Amino acid sequence: MPELPEVETIRRGIEPHVLGRRIGRVVVRDPRLRWPVQPDLPARLAGRRIEQAARRAKYLVLHLDNGDRLLIHLGMSGRIWVLDPTVAPIKHDHVDIELDSGQLLRFHDPRRFGAVLLWSAGEPHHELLRHLGPEPFDPAFHGDYLFELSRGRSAAVKNFVMDGNVVVGAGNIYAAESLFRAAIRPTRAAGKVTRAEYVELASRIREVLNEAIVRGGTTLRDFAGATGELGYFQQELYVYGREGEPCRRCGTGIRRKVIGQRSSFYCTRCQR
DNA sequence: AGATTCGCCTGAGAGC
DNA sequence: TGCTCTCAGGCGAATC
């Protein structure tokens, strides 16, 4: 499932293919995504030039020359491919965006949890982005911020950092890995984690995400179609998906426990 | 307000 | 081989 590092990798991958390109025909084969594709989206995209390929949380944000922006979210099974238009569409290829380079952007999403939405120039803030917490690499994100925000919270610290209102990008895998590196047990109440621990955690969240982005970039060096897969970072996981396997630090068997409906992995010895 | 649950989807993998 | 069942999960909405 594409998390923030995967989305950033995809952004970097498609950027050279879309920057400065003018959009031609847009084909919507199935508008039934997480939110329905707006009926007027093809007409409003046609003829627009793409001026910037940005990212906010897990949203790709393509800035257009008329001030409109195209939001693309991959949900959990979404893909974006840069293809030659002669490549025949396959099942779940929901949206094609033709470019004046002769290539096209193809949005593919079996589970349709993703979205392709037009954000009008007239709306300064998009409803889906309004509530989002800071980017992990934003200076506003630091240990003190987590500490202050978490006071009085009874939810598990893992759920707390996975909450997009708190900070974006700490998805299930990266939350688990960050908490391991910070030696914090994911089940702890967020309100009971100390300031010093949050300073460490914020640092580890940035570290883990940065490493994953670097690895993701490696897998897509010969970019043709961003796959949104884990890439080489998968080889460096300390706890995620390693139930029963020995901790890479101390050898203790990694524990799996469901926290807030999500599988969580941690070392009972290293994480307190 | 914060915490929890629900619902949308289909593919992969396990079990039979 | 082929079927059924379970699980996975981003994230807004609804509910507690």
Side-chain angles (χ1 to χ4, degrees), chain A residues 1-11 28-38 55-61 71-80 89-95 107-117 119 123 125-136 145-178 186-193 205 209 212 226-230 233-234 237 239-244 256-265:
Chain A
M1 74 311 305
E3 299 218 35
L4 186 144
E6 287 75 29
V7 177
E8 176 60 21
T9 299
I10 291 163
R11 188 198 69 74
V28 179
R29 296 189 190 80
D30 191 344
R32 299 173 303 159
L33 304 181
R34 177 72 167 83
W35 291 277
V37 177
Q38 294 126 300
R55 177 190 59 74
R56 173 68 173 116
K58 296 179 188 173
Y59 292 89
L60 287 169
V61 187
L71 289 180
I72 301 176
H73 196 291
L74 301 176
M76 58 172 295
S77 58
R79 305 282 180 89
I80 292 178
I90 59 175
K91 195 177 180 183
H92 308 307
D93 283 349
H94 305 311
V95 181
F107 178 82
H108 171 98
D109 186 8
R111 292 180 197 177
R112 293 192 271 114
F113 279 17
V116 178
L117 294 167
W119 173 8
E123 307 169 44
H125 304 287
H126 195 282
E127 199 53 48
L128 292 173
L129 307 182
R130 194 194 300 271
H131 70 281
L132 294 175
E135 289 286 323
Y145 163 80
L146 287 178
F147 177 76
E148 301 298 342
L149 195 57
S150 63
R151 292 309 87 183
R153 299 275 195 113
S154 61
V157 61
K158 172 162 177 278
N159 292 24
F160 176 68
V161 297
M162 285 180 66
D163 184 346
N165 300 285
V166 174
V167 62
V168 303
N172 202 30
I173 296 172
Y174 299 114
E177 294 299 308
S178 305
T187 51
R188 297 249 310 270
K192 300 289 188 187
V193 174
I205 287 172
L209 293 175
T227 64
E229 281 162 7
L230 275 178
F233 189 75
Q234 197 162 20
L237 299 176
V239 289
Y240 185 83
R242 300 192 62 241
E243 179 181 17
R256 184 180 86 95
K257 184 183 170 73
V258 174
I259 306 173
Q261 319 291 84
R262 309 293 302 282
S263 280
S264 305
F265 302 86

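Within every chain, numbering begins at 1; the chains are lettered A, B, ... in the order of the sequence lines, protein sequences first and strands thereafter. If you're wondering where the values come from, they're calculated on a predicted model, not measured in any experiment.
- Distance check, rounded to the nearest 0.5 Å: CD1 of A:I10 to NZ of A:K58 gives 11.5 Å.
- A:N159 places its CG atom 14 Å from the C1' atom of C:dG9, with the value rounded to the nearest Å.
- Separating the CG atom of A:D163 from the C1' atom of C:dC11 is a distance of 10 Å, rounded to the nearest angstrom.
- Nearest heavy-atom pair across A:L60 and A:R11 is CD2-CB, 3.5 Å.
- A distance of 11.0 Å separates CD in A:E6 from CZ in A:R79, rounded to the nearest 0.5 Å.
- Distance CG/A:N159 to CG/A:D163: 8.5 Å, rounded to 0.5 Å.
- We find the CZ-CE distance between A:R34 and A:M76 to be 13.0 Å, quoted to the nearest 0.5 Å.
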Could you list all N or O pairs between the protein and nucleotides 14-16 of chain C that sit under 3.5 Å apart?
none

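- Of all nucleotides in DNA chain B, those with any atom nearer than 4.0 Å to a heavy atom of chain A start and finish, going 5' to 3', at B:dG2 to B:dG11.
- Among the heavy atoms of the strands lying under 4.0 Å from A:Y59 are primed sugar atoms or P, OP1, OP2 only; no base atom is included.
- Minimum interatomic distance between A:L117 and A:P36 (heavy atoms only, all atoms of both residues): CD2-O, 4.1 Å.
- Between A:F160 and A:F113, the residue anchored closer to the 5' end of DNA chain B is A:F160, taking for each the nucleotide with the nearest heavy atom.
- What separates CD1 of A:I259 from C1' of C:dG9 is a distance of 16 Å, to the nearest Å.
- With rounding to the nearest 0.5 angstrom, the OH atom of A:Y59 is 4.0 Å from the CG atom of A:L128.
- Relative to the side chain of A:M76, the nucleotides C:dG9, C:dG12, C:dC11 differ in distance, and C:dG9 lies closest.
- In terms of polar N and O atoms assigned as donor or acceptor, the side chain of A:R111 comes within less than 3.5 Å of the base of C:dA8 in a complementary pairing.
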Check the pair A:R242 / A:F265 against side chain to side chain contact (heavy atoms under 4.5 Å, CB included), numbers first and verdict last.
CA-CA 7 Å; A:R242 300 192 62 241; A:F265 302 86; 5.7 Å; no

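- Atom NE2 of A:H125 has 12 or fewer heavy atoms from other residues, nucleotides or ligands within 6.0 Å.
- Between the CG atom of A:L33 and the P atom of C:dG10 there is a distance of 17 Å, given to the nearest Å.
- Atom CG of A:N165 is separated from atom C1' of C:dA13 by 13 Å (rounded to the nearest Å).
- Note: NE2 (A:H126) to P (C:dC11) measures 14 Å, nearest angstrom.
- Considering only side-chain N and O atoms, A:Y240 lies under 4.0 angstrom from the phosphate OP1 or OP2 of C:dG9.
- In this entry the distance linking CD of A:E6 with P of C:dG10 reads 10 Å, nearest Å.
- Paired runs in DNA chain B that reach 3 or more consecutive Watson-Crick or G-U pairs, where each pair keeps both distances under 3.5 Å, cover B:2-16 with C:2-16.
- Rounding to the nearest 0.5 Å places CG of A:D30 at 10.5 Å from CZ of A:F107.
- Nucleotides of DNA chain C nearest to A:H73 and A:S263 differ in position, and the one nearer the 5' end is that of A:S263.
- Annotation for A:L4 and A:E135: closest pair CD1-OE1, 3.8 Å, computed over non-hydrogen atoms.
- A:R153 comes within 4.0 angstrom of the backbone, heavy atoms only, and of no base.
- At whole-Å resolution of the value, CG in A:L4 and P in C:dC11 are 10 Å apart.
- Looking at every heavy atom in both residues, A:A176 comes nearest to A:V239 through O-CG2, 3.6 Å.
- Of the residues near DNA chain B, A:R32 and A:G260, the one whose nearest nucleotide (by heavy atom distance) lies more toward the 5' end is A:G260.
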